[in-house]
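Proteins get letters first, then strands, A, B, ... in listed order; numbering begins at 1 in each. When reading the values below, keep in mind they use all heavy atoms of this one structure, side chains included, and skip hydrogens, waters and symmetry mates.
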Amino acid sequence: MTPPLLEIETLHTSFSTEAGIARAVDGVSFQLHAGETLGVVGESGCGKSVTALSILRLVRPPGRIEAGSAIRFEGTNLLALAERDMQHVRGNRIAMVFQEPMTALNPVFTVGDQIAEVARIHAGASRRSAAAKAVEMLALVGIPDPAQRATEYPHQLSGGMRQRVVIAMALVMNPALIIADEPTTALDVTIQAQILELLADLTRRLGTSVLLITHDLGVVAENCSRVIVMYAGEVVEESTTVELFAHAHHPYTEGLLGAMPRVGRGAERLATIPGTVPAPTAWPVGCRFRERCAFAWDRCAKDHPPLYQLGSGHQSRCHLAEEPNRRAHPHTPLAAASGVASA
Amino acid sequence: MRRYLVLRALQALGVVAFITTLSFMVVHLAPGDPIGSSLQGPNVTEAIRQHWRAEYGLDRPVSEQYVRWVRLVAHGDLGFSFSQRRPVRDVFADAIPRTLLLSGMALLLSFAFGIAVGVLQAEQPNGSRDRWLGRVLLLLYSVPDFWLALMVLLLFSLRLRLFPPGGLHDAVLYDYMTPPQQLLDSLKHLVLPVLTLTVLSSAVVARHQRGELVSVLSSDWMRTALAKGLSWRAAVRRHAFRNALLPTITIFFANIAVFASGSIFVEKVFSWPGMGYVTVTAVAARDYPLVTAGVLFMSVIVVTGALVADLVMAAADPRIRLR
Ligand SMILES: Nc1ncnc2c1ncn2[C@@H]1O[C@H](COP(=O)(O)OP(=O)(O)O)[C@@H](O)[C@H]1O
Ligand SMILES: [Mg+2]
């Protein structure tokens, strides 16, 4: 088998805060293969964005990636690279699409300039050829009248157009990997589908791998072949998308699936997971999902569950893997019993 | 954009008119008058004073004097200074260049220092360097300007005797110096007032620069710039600096009143015969024409500063420029 394009090993990223050390990403490992679109899901605050920023080494103080972590990309450990070599990776081999297209673009430069900048940094393009490249990229992402649009400023474009610009910027150097951190969360529902389709279409054509971060399992279902579920700074489940939707194992994943709006269930009230993600400065011992779980028993308060292998490529961080018959006896989760509601 | 310009210009005119009218009324209604304070002596009788009051129209109601003054100013005539016994225009012709020299140098230096300090602080927000510089700035920000001017005078001039205590140049020896010596002497006289004014306004500039930079450095588009592959330095230079500098310049122009009032005290303490010194001295002498003209000048400067601030901002920010 060919080695994975990206291989993350026990990534620990923490922030020193006034409340203590926030272990935002706490031992995350996963692999992403060439040409694949891998989904990362989880509620907000689970460490998805910090994982993404860690890959590009864009975590700023007071945050830091701890020793012992490894991020291997195309065979090299990015964490061992000199900053100068890392700059050659950013925007060139790995590009990023951020969540907020409004604020991700600099308000005082034209969108053409901002796209051209990538070509100038990495391809050493002249001003003129970089500008031409920018127009070409705008056309590629389906922006009408690209030559005119290139001279406009971000505030003159709609949210959907801005996100197309951000995607154009990411594709300039034809990178091997695009990390898209909730690329459509800030957009109108109708625009969301268009943007995702555009991203899927272009990356398929160019053979680009995608790490698609989202809190929406519907987005995963439509775009990803495999998915990892994150909770409280950890991977709690990993599987193919088909397997996940058919046989989700972790109660957290089940909760996310239950909270998904589905066709034909429109008006019905969605199930929600009671309680909230615990604070990253004080992860509970044992299972971090325990208080919100309908199956938790005394073992969950003591033993931190490892990732159990459930079959080919399917793993789950839940003791139910060893004691499956406990699934027959759900109870009210602690968080719900103590009256802590969640959104 | 054009509509906006016209509106802002009208507003500025209104403010100038209001301030000068107010100050005209205040000086005229205050006790004493220019004749009383300039025409003194054992053989000057009250009748003589009354004669001169009538001559200058000072015995007329304030409203009538005001209308006359406005008419004169509209024709470009600022009147005659009682205390200096020459036209206000001539007084200004001497004083304005001196003030421009002093404030211009202080302005340049305070921008250079202020921005440098702000950049040093913003590099590691809330790091130890940031906290220490922040405390020093807060101190400078809160000392009264006249107090700082006096302390500088006491320390560097009277105690250490490094620089002369005030004036434009050496009162006695200047005329006997060679041109290079004269230049050196003038520069020596500039040091302390420029230093004081620079210290005062660098604090303002640094605070704004730091604040702007910190928010800009943690902005999403700064992260985008880094994610593109720019080095930290290049990203700061190309993206952050430009975005942070403009608001600093703007805020500074908008606060030019602080600078103007600072320069009044500094000129007074160091006997620097610029606009601030001349105006303050004129108040004591009840020199109505000079006071009101001085106030008119200052308010035009302050209002223009605010206007320039708006225009700079508008020209630099496409969100405003293209509106
Ligand atoms: N700059 C920071 N300083 C302190 N804590 C941070 C910082 N950035 C992120 N965190 C913490 O890291 C955790 C994970 O955040 P994030 O990765 O943004 O979550 P999400 O899964 O929603 O993308 C959160 O608890 C957040 O509070
Ligand atoms: Mg996030």
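Residues A/Ala104 and B/Thr224 approach most closely at O-OG1, 2.7 Å, considering heavy atoms. Heavy-atom minimum distance, B/Arg223 versus A/Leu53: CD-CD2, 3.8 Å.
A distance of 5.5 Å separates CZ in A/Phe109 from NE2 in B/His239, rounded to the nearest 0.5 Å.
Neither the backbone nor the side chain of A/Ile179 comes within contact range of chain B; no heavy atoms are under 4.5 Å apart. Interface residue A/Arg60: only side-chain heavy atoms are found under 4.5 Å from chain B. Both the backbone and the side chain of B/Ser231 have a heavy atom closer than 4.5 Å to some heavy atom of chain A.
Taking a 6.0 Å sphere around CZ of B/Arg135, one finds it holds more than 12 heavy atoms contributed by other residues, nucleotides or ligands.
Residue with the most contacts toward chain B among A/Met173, A/Glu83, A/His122, A/Met96: A/His122 (heavy-atom pairs, distance under 4.5 Å). Per-residue counts of heavy-atom pairs under 4.5 Å with chain B were compared for A/Val118, A/Thr110, A/Val166, A/Leu58; the largest is that of A/Leu58. Note: A/Arg90 leads A/Arg90, A/Met86, A/His88 in heavy-atom pairs under 4.5 Å with chain B.
Proximity of a side-chain donor or acceptor of B/Lys228 to a complementary backbone N or O of A/Gln114 within less than 3.5 Å is detected.
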